There are 2 protein chains.
Amino acid sequence: MVFLGSKMIEQAMNPDKTNCSCENCLLKSLFFTHISIDALTDICEIKQEREYNKGDIIISEGDKIKDFIYLKEGLVKLSKKSADGKDQIISFSKPFDFVSLLSIFSSEEYKYSVTAIEDSVTCNIALDIVKNMAQNNAMFAMNLMTRVSEATDHIVLDNLEIKRKHLRGRIAHILLYFSDHIYGRNEFELPISRREIAEYIGMTTENVIRTLSEFRKDKIIKIYGKDIEIVDLKRLKTIREHG
Amino acid sequence: MVFLGSKMIEQAMNPDKTNCSCENCLLKSLFFTHISIDALTDICEIKQEREYNKGDIIISEGDKIKDFIYLKEGLVKLSKKSADGKDQIISFSKPFDFVSLLSIFSSEEYKYSVTAIEDSVTCNIALDIVKNMAQNNAMFAMNLMTRVSEATDHIVLDNLEIKRKHLRGRIAHILLYFSDHIYGRNEFELPISRREIAEYIGMTTENVIRTLSEFRKDKIIKIYGKDIEIVDLKRLKTIREHG
DNA sequence: ATTACCGAATGATATTTATCATATTGGATT
DNA sequence: AATCCAATATGATAAATATCATTCGGTAAT
């Protein structure tokens, strides 16, 4: 065979990988849109893809930050253990988000944990290399900054939203979050437990369960274990806004 | 006069300013440490200093983002008006913080307001110029990113802290925040009203007042209007950690 | 001087949420 | 099949917080 395609190069460099689908992956992510084909090839040579099963820990609080990590497939939660040992969920990340959220440029180690809440695939690139790219390619640095800003912006604003709502409003909020932002449909399987919902919205597990049951009795949602169907979207949105 | 110092140049370019003390100002800020003297002079020519009195609005939610703004002197609050018209305070910024927090790179307009809670001075530089600098100077971009990350990181983690505490712990938290991070002393004048404390910690004004009174009765703090003196630091820290 | 208003303060009461107790279910393990 | 354990579920009660009412003092406006 005479023609040596980029895929073949990748396979040579990353023998444990059967393919490097960065082209698709990165194209879909606005973040990387400006990277030239050459740079793309580079990334394919140096990146590592990692697969995780639902429940697997991707990053543990306190881990040294070695890689720049972004989510190619799946869904993850960012969480932090508080002094009294309780977990608090900071946010969720979906594909093309950076798992490496804020701390990567301001800290040596992660201040939060990242856990797969659905089967997930990450792309890992050594942080040194990303920093190097940023220093040699100001457009890249700008785009990176923009994306990091967007992500954190969203976390801060979302937290504010939740803060001003009561129990029912918070439950409505997270149901609509999964429905609108993650799954894009009215029926979906909750990727997290009632306890994790509680850890995210800052209420107790019992009250989360009770409220979901209320919504069911009020015929706003249907519940089959983790499967949720939003029946009365309008009312759920009203509850989100006005309790 | 033969010698034409940089200060004279600045005065010529910015006739409304009597001096351009960027050298000091910027040196103190880690962010700008890498900028060469030449770049410094440039900034002096293009920046604008603005003075605000306590209570003045620096940025209104929805304003177009035109400038990169950082705080040279004073103290400001970042806040957002929620759908039902209530203000929520996101965070406070002290000198050498960026007032232009997250949104500057990810949005066309501010998603929050910025208000002086002490007499303040800002340095404003057209955003285009800063973006240009970032594109031509990758180190600058990296430092900028690092600083933005640090700031937002802090907001997110601080919010988590507050979220897991009860009323008394939240009050202890904010008192110690002002004492430790802003003023560096055990007695200080609260820069904000009881209502604003409530808007920050997410409780009602009445409960803020009641709790402060409790702390006074328990001889943990002394209160003279807005003047606060922390008398029993140890106990206040215990309350912050364990309620 | 008078009025009006806002921040601070306090108490009584109502509402919201947490805690505790107890079942039930379903999955994993032996 | 038996056992264990975690998640889900529900009710009763306790605790935390909000709401409402009222007062006091300062200060800005008329």
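So that the names make sense, note that chain A is the first sequence line, chain B the second, and so on, each numbered from 1. Quick caveat: nothing in here was measured; it's all calculated off a predicted structure.
- Of the possible polar contacts, none joining the B/E241 side chain to the B/T238 backbone as a donor-acceptor pair under 3.5 Å is found.
- Ring planes of B/Y110 and B/Y112: perpendicular class, angle over 60° (limits at 30 and 60°).
- Looking only at atom types and distance, the side chain of A/K66 has no donor-acceptor partner in the side chain of A/N124 under 3.5 Å away.
- Side-chain atoms of A/N53 do not come within 3.5 Å of backbone N or O of A/D56 as any donor-acceptor pair.
- Between A/R195 and A/E199 a salt bridge is recorded (basic side-chain N to carboxylate O distance below 4.0 Å).
- A side-chain donor-acceptor contact under 3.5 Å links A/Y200 and A/D158.
- One can place CZ of A/F215 at 17 Å from P of D/dT8, the figure rounded to the nearest angstrom.
- With B/N207 contributing its side chain and B/T204 its backbone, the two residues share no donor-acceptor pair below 3.5 Å.
- Here D/dA6 presents its C1' atom at 12 Å from CD of A/E196, a figure rounded to the nearest Å.
- Relative ring orientation between B/F178 and B/F188 is described as tilted, the plane-to-plane angle lying within the 30° to 60° band.
- Contacts of residues 162-172 of chain A with DNA chain D (heavy atom under 4.0 Å): none.
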Polar-atom pairs under 3.5 Å, protein N or O versus N or O of nucleotides 23-25 of chain D: list them with distances, or write none.
none

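- A salt bridge links A/E61 and A/K80; the closest N-O separation between the charged side-chain nitrogens and carboxylate oxygens is under 4.0 Å.
- One interatomic measurement links the two molecules: CG of A/D227 to P of D/dA7, which rounds to 18 Å at whole-angstrom precision.
- Whole-Å rounding puts the A/E214 CD to D/dT8 P distance at 17 Å.
- In terms of modelled atom types and a separation under 3.5 Å, the side chain of A/R194 and the main chain of A/V208 share no donor-acceptor contact.
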Spell out protein contact along nucleotides 6-13 of chain C as letters: B when the base is contacted, S when just the sugar-phosphate is, - when no protein heavy atom is under 4.0 Å; keep the 5' to 3' order. -SSBBBB-
